[in-house]
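These numbers come from the heavy atoms of this one structure, side chains and all, not from hydrogens, waters or symmetry mates.
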Amino acid sequence: MSSSDARLALITRPGCHLCEDAKAALDRVVAVTGDRWIEKDVTDDIELEREYGDRLPVVLLDGKEHGYWRVEEDRLLRDLTTPQL
C-alpha cells in the first residue's frame, strides 16, 4: 500500500504540540476504522506552508480539508465509515 492509498493526511511541523495531540487522535481513529494516515511536514513543502502554515495541524480526508488545530474524532469516524454517494 503506497502513501497515495491513505485516505487521511496530517499536515504538521516539528515542535508543534497540537500536532502531537492530533497524531494520537488519528491513531485512535484508525485503530477503529482500519484506515491509515500519512504525515506531511510543511517544512518540506513551501506550498503546504503557504496554504496551512498558520492553522496546523490540518487533517485532510481524501485530499480535502477536514479540520484544523484539533481532530474532531467523532466526526472523522463518521465521515470515514459513511459510504460516499
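The side-chain hydrogen bond (donor to acceptor under 3.5 Å, both in side chains) test applied to Arg50 returns Glu47, not counting sequence neighbours. Residues passing the side-chain hydrogen bond (donor to acceptor under 3.5 Å, both in side chains) test with Glu72 are Arg75, sequence neighbours excluded. In this structure Asp21 satisfies the salt bridge (charged side-chain N to carboxylate O under 4.0 Å, His left out) test together with Arg70, sequence neighbours excluded. Every side-chain hydrogen bond (donor to acceptor under 3.5 Å, both in side chains) that Asp41 has, sequence neighbours left out, goes to Thr43. For Tyr68, the side chain to side chain contact (heavy atoms under 4.5 Å, CB included) test picks out Arg55, Val58, Glu65, with sequence neighbours left out. In terms of the side-chain hydrogen bond (donor to acceptor under 3.5 Å, both in side chains) criterion, residue partners of Asp27 (sequence neighbours excluded) are, by chain and number, Trp37.
Within a 6.0 Å radius of NZ in Lys23, other residues, nucleotides and ligands contribute more than 12 heavy atoms.
Exactly one of Asp79, Val30, Ile38, Asp35 qualifies for a side-chain contact (heavy atoms from CB on, under 4.5 Å) with Arg7. That residue is Asp35.
Of all heavy-atom pairs spanning Leu56 and Leu18, the tightest one is O-CD1, 4.4 Å. Contact between Arg13 and Gly53 at its shortest, heavy atoms only, is NH2-O, 2.8 Å.
Here disulfide (SG to SG under 2.5 Å) pairs that include residues 8-46, with residues two or more places apart or in two chains, are Cys16-Cys19.
Cluster membership for Leu8 and Val71, using ILVMFWY side-chain heavy atoms within less than 4.5 angstrom, is shared. Both Leu10 and Val32 are members of a single hydrophobic cluster when ILVMFWY side chains are connected at heavy-atom separations under 4.5 Å.
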